There are 2 protein chains.
Amino acid sequence: MDVRTICLGILTRADATGYEIKKRVEEGGYRPFVEASFGAIYPALNKLTKDRFVSVRAEAQEKRPDRKIYSITEAGRRAFVASLMKPLTEDRHRSPFAFAMLFADLLPEQHIAQMLDAYIAHTEQALAQLQQADAKPKSQREHFANGMSQAAYAATLEYLRSHRLNGETRTAEAAE
Amino acid sequence: MDVRTICLGILTRADATGYEIKKRVEEGGYRPFVEASFGAIYPALNKLTKDRFVSVRAEAQEKRPDRKIYSITEAGRRAFVASLMKPLTEDRHRSPFAFAMLFADLLPEQHIAQMLDAYIAHTEQALAQLQQADAKPKSQREHFANGMSQAAYAATLEYLRSHRLNGETRTAEAAE
DNA sequence: GTTTGCATGTAAACGGTTACATGATTGG
DNA sequence: CCAATCATGTAACCGTTTACATGCAAAC
């Protein structure tokens, strides 16, 4: 999902500025499977405006840049739906942690333990954020998508917790 | 994990040509959390050679380009371990499917069903591949990393299967 | 008094993908 | 007969990240 499509999606829910779009991507139900930085969002919004997929109205502010509030147009809605309808690209799950684990035999035992702790903590956080987002009233579909992510995170956590000590024990045995 | 690091990792296991590195990334335990294309691998190997992290020996072949067999050097091993030791970047899970599901209310019911079926089939395949890779003798660590991915996939599948019909029923009710 | 939040934008650099070029061999 | 496998490599292009520029106000 490129940033243009992400922007269109967010704008189907409500009008927003570039700044607000970033916030919405970070919070709630969009994370963890989409991302967008300012450097990508602002140019994307300009291109969408040129293409007439969104319209802008500026709101003057004192001592601050004007708020540029974007709304999706009918053409934008059609383009967005069209992009969801055409065959989706595959999920891409890049995990430096999992990759590192494959080579854990090259790493000090202590460091592996730290990495595991950090990863578990991080996954717990992500899960908590998803649960929080889920608490707010949502459409059934959003609930569904959120639940899918929660299921994956919860299973990962359970696996890590139950295999952590085992792994250490086995390594200790192997060291004898 | 950039392609250079991925190449180094593969080469810690065994010498390989660029072509073989690609194959090993696609098969077995590396998928689904790493990827690398030829257009990335060959330049990466050239850079690694320049940096003395790998060495090459060419094997002449008739009617085919020479096989260039790469070996990791001591310096390469150290660089690889160092890159695993420094703070890892976060996992990035980009899921066009999950994103599309968030906006499923904009899509025809039939199309959603198709997307779900395709995604379930795809996830089943990925899980099967992981289980297959796991059947071959592996180090404990590789088994651990593989198991983590399997747990996540299995949980996702279970979730999708158990919520699929519910989703359809609810939608049918909502349509009345 | 420093950090965070608000608010927009540009430009250079980066890493990677896609398509192309070349071409014999084997298997369906 | 066509597709896939083996085998390397280049070049154009793409989207994105990162760093920079600007600057007030409120909260801690």
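Order of the sequence lines sets the chain letters (A, B, ...), proteins ahead of strands, with each chain counted from 1. What you see is a predicted model; the values in this text were computed from it and never measured.
- Looking at heavy atoms from C-beta onward, B:Leu45 lies in side-chain contact with B:Cys7 at the 4.5 angstrom threshold.
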Base contacts versus sugar-phosphate-only contacts with protein, heavy atoms under 4.0 Å: please encode nucleotides 13-28 of chain C as B, S and - from 5' to 3'. ---SBB----BSS---
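- Contacts with DNA chain C (heavy atom under 4.0 Å) in residues 18-26 of chain A: A:Gly18, A:Tyr19, A:Lys23, listed by number.
- Atom-to-atom, CD1 of A:Ile41 to P of D:dT18 comes out at 14 Å; the value is rounded to the nearest Å.
- Side-chain contact between B:Phe80 and A:Phe103: present, with at least one pair of heavy atoms (C-beta onward) separated by less than 4.5 Å.
- Between atom CG of residue A:Leu8 and atom OG of residue A:Ser83 there is a gap of 7.0 Å, rounded to the nearest 0.5 Å.
- A:Gln61 has a side-chain polar atom (N or O) that falls below the 4.0 Å cut-off from OP1 or OP2 of C:dA7.
- To the nearest angstrom, C1' of D:dA11 lies 16 Å from OH of B:Tyr42.
- Between the side chains of A:Asn146 and A:Glu142, no donor N or O sits under 3.5 Å from an acceptor N or O.
- Sorted by first then second residue, the salt bridge (Lys or Arg N to Asp or Glu O under 4.0 Å) pairs that include residues 116-127 of chain A, not counting sequence neighbours, are A:Asp117-A:Arg164, A:Glu124-A:Arg161.
- Going from atom CG of A:Asn46 over to atom C1' of D:dG15 covers 15 Å, rounded to whole Å.
- Nucleotide D:dG15 holds its C1' atom 11 Å from the CD1 atom of A:Ile6, rounded to whole Å.
- Summarising the geometry, atom CE belonging to A:Met101 is positioned 13.5 Å from atom CD belonging to B:Gln140; distances are rounded to the nearest 0.5 Å.
- Residue A:Thr17 places at least one side-chain N or O closer than 4.0 Å to OP1 or OP2 of C:dT8.
- Scanning for side chain to side chain donor-acceptor pair (under 3.5 Å) contacts around A:Asn46 gives an empty result, with sequence neighbours left out.
- Taking 4.0 Å as the cut-off between side-chain N and carboxylate O, B:Arg31 and B:Glu27 do not count as a salt-bridged pair.
- In this structure, A:Val34 is not a member of the same hydrophobic cluster as A:Phe38, with clusters built from ILVMFWY side-chain heavy atoms closer than 4.5 Å.
- Of the candidate nucleotides C:dT10, C:dA7, D:dT8, C:dA7 has the atom nearest to the side chain of A:Arg67.
- In this structure, A:Leu88 is a member of the same hydrophobic cluster as B:Leu107, with clusters built from ILVMFWY side-chain heavy atoms closer than 4.5 Å.
- Each end of the helix from C:dG1-D:dC28 to C:dG28-D:dC1 gets its own axis, taken as the rotation carrying the C1' atoms of four end pairs onto the next four within a five-pair window, and the two axes meet at 60° to the nearest 10 degrees.
- Following rounding to the nearest Å, A:Leu45 (CG) and D:dG15 (C1') show an atom-to-atom distance of 15 Å.
- At whole-Å resolution of the value, OH in A:Tyr70 and P in C:dA7 are 13 Å apart.
- B:Arg57 pairs by the salt bridge (Lys or Arg N to Asp or Glu O under 4.0 Å) definition with B:Asp15, not counting sequence neighbours.
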